[in-house]
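Notes follow the structure.
Since we're looking at a predicted model, the values are computed, not measured. Lettering follows sequence order; numbering is per chain, from 1.
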Number of protein chains: 2
Amino acid sequence: MPPDRSAEILRDRLAGTGLRATRQRLVILESLLLLPGHPTAEQVHRQVRATQPLLSLGTVYKTLDSFVAAGLVRRVAAAQGAARRFDADCSAHHHLHCTATQEIIDYCDPQLDALLQKFFAARGLPGFQPRTFSLHITGTKT
Amino acid sequence: MPPDRSAEILRDRLAGTGLRATRQRLVILESLLLLPGHPTAEQVHRQVRATQPLLSLGTVYKTLDSFVAAGLVRRVAAAQGAARRFDADCSAHHHLHCTATQEIIDYCDPQLDALLQKFFAARGLPGFQPRTFSLHITGTKT
DNA sequence: CTCAATGCAAAACTTTTGCACATCG
DNA sequence: CGATGTGCAAAAGTTTTGCATTGAG
């Protein structure tokens, strides 16, 4: 896929949210999609600086916040380390957390989703209206 | 239950981990068990100061870290806010996260645990050895 | 006694904010 | 052009660290 083509896709994605498609936002969004795992704001900044040396860390924070507000990315809670992490993949998925390497790996499983849906539809929760499910599985890579 | 009795229980709990049962650790552990939800280090510090005005925030951090290392409490990832939160209940449980109030509510469900166990025992995960499961359910209190 | 734990304060690090300037639509 | 977004730098907030002193075992 030629680079101008992928830029176009990113632009469309931004347009769909009502956010202005600035150069900074395009590279930040691209970095989020490119970076493995769930990068911190600081990691995104390092990545982005490769092509945009002037892009400031403050802008990364502001931009990530507006992405979250627009529903374009979501925050991922990290039990270890202070930093918030971000995930550009907003489709329903779960996380595998390796205690050895500290990696957080995305894990999609439609069968699991269906199982959870069915379970809570049948059983309900006392005083709580569930909206989304996210399973954190801790363990080790093999 | 008389106060000296509960102190004894806390002391036993610390002794079981090999950690020294200092006055500071006792009040910190007690606060963790008392405070609703999943307090931050800062919240624990405020609570603890009621009875131990000299107990420093630094000590709260150090102590919480050693509790985690000893397996006495565990960290809870908070998607919102920068702070780490702690949970003194180490039995297997899940979390309900109310997007309206930002509360994190513990949720125990042995049937759910059994369901997940069975599901992953039957299916396995590619390249990953699961150890614990924790389901994060976001939604709203009703 | 001895070694681990604490208090204190400084340092390191992360995140937010204010404002002048730039730029997208 | 006008509203929104950006860069910069300072401020606010959080967590870690070093070291002298204390206290549990």
Side-chain angles (χ1 to χ4, degrees), chain A residues 7-8 10-31 38-49 51-70 72-73 75-86 102, chain B residues 7-8 10-31 38-46 48-49 51-70 72-73 75-86:
Chain A
E8 197 180 305
L10 293 175
R11 196 175 293 272
D12 287 351
R13 209 154 154 180
L14 277 174
T17 66
L19 293 175
R20 284 191 184 174
T22 65
R23 192 169 7 87
Q24 290 89 338
R25 285 182 176 165
L26 289 174
V27 286
I28 289 173
L29 184 53
E30 186 181 29
S31 295
H38 300 80
T40 63
E42 181 63 52
Q43 288 170 326
V44 171
H45 186 226
R46 260 202 302 280
Q47 168 70 25
V48 145
R49 282 219 152 175
T51 57
Q52 303 289 328
L54 295 184
L55 206 165
S56 72
L57 179 59
T59 295
V60 172
Y61 274 107
K62 287 173 185 166
T63 301
L64 289 174
D65 282 350
S66 52
F67 282 0
V68 170
L72 203 56
V73 309
R75 278 186 211 285
V76 175
Q80 316 247 0
R84 306 180 188 187
R85 300 190 175 190
F86 298 88
Q102 296 303 327
Chain B
E8 198 181 304
L10 294 175
R11 195 174 292 273
D12 287 351
R13 209 153 154 179
L14 277 175
T17 67
L19 293 175
R20 284 190 183 173
T22 65
R23 192 168 8 84
Q24 291 88 337
R25 286 183 174 163
L26 289 173
V27 287
I28 290 173
L29 184 53
E30 186 182 31
S31 294
H38 300 80
T40 64
E42 181 62 54
Q43 289 171 324
V44 171
H45 186 224
R46 261 202 301 281
V48 145
R49 281 217 153 176
T51 57
Q52 303 288 329
L54 295 184
L55 206 165
S56 72
L57 180 59
T59 295
V60 172
Y61 274 106
K62 286 173 185 167
T63 301
L64 289 174
D65 281 351
S66 53
F67 281 180
V68 171
L72 204 55
V73 309
R75 279 185 210 284
V76 175
Q80 316 247 359
R84 306 180 188 186
R85 300 189 176 191
F86 297 87

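- Here A/Tyr61 does not reach the OP1 or OP2 of C/dT16: none of its side-chain N or O atoms lies under 4.0 Å away.
- For B/Thr17, the side chain to side chain contact (heavy atoms under 4.5 Å, CB included) partners are B/Leu19, B/Ala70, B/Leu72, not counting sequence neighbours.
- Residues forming a side-chain hydrogen bond (donor to acceptor under 3.5 Å, both in side chains) with A/Arg46 (at least two apart in sequence, or on another chain): none.
- With sequence neighbours excluded, the residues that form a side chain to side chain contact (heavy atoms under 4.5 Å, CB included) with A/Leu26 are A/Leu10, A/Arg11, A/Leu14.
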Report, one pair per line, the protein and nucleotides 18-20 of chain D atoms (nitrogen or oxygen only) whose separation is under 3.5 Å.
from   : atom 1 : to      : atom 2 : distance (Å)
D/dG18 : O6     : B/Lys62 : NZ     : 2.9

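- Scanning for side-chain hydrogen bond (donor to acceptor under 3.5 Å, both in side chains) contacts around A/Arg23 gives A/Gln52, with sequence neighbours left out.
- End-to-end axis angle for the helix from C/dC1-D/dG25 to C/dG25-D/dC1, using five pairs per end and rounding to 10°, comes out at 50°.
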Please list, for nucleotides 23-25 of chain C, all pairs of protein and nucleotide N/O atoms separated by less than 3.5 Å.
from   : atom 1 : to      : atom 2 : distance (Å)
C/dC24 : O2     : A/Arg20 : NH1    : 3.0
C/dC24 : O2     : A/Arg20 : NH2    : 3.2
C/dG25 : OP1    : A/Ala21 : N      : 3.4

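- OP1 and OP2 of D/dG5 both lie 4.0 Å or more from every side-chain N or O belonging to A/Ser66.
- Applying the side chain to side chain contact (heavy atoms under 4.5 Å, CB included) test to A/Arg49 and every residue at least two apart in sequence or in another chain returns A/His45.
- Between B/Leu14 atom CG and D/dA24 atom P the separation is 13 Å, expressed in whole Å.
- Partners of B/Thr59 by side-chain hydrogen bond (donor to acceptor under 3.5 Å, both in side chains), not counting sequence neighbours, listed by chain and number: B/Ser56.
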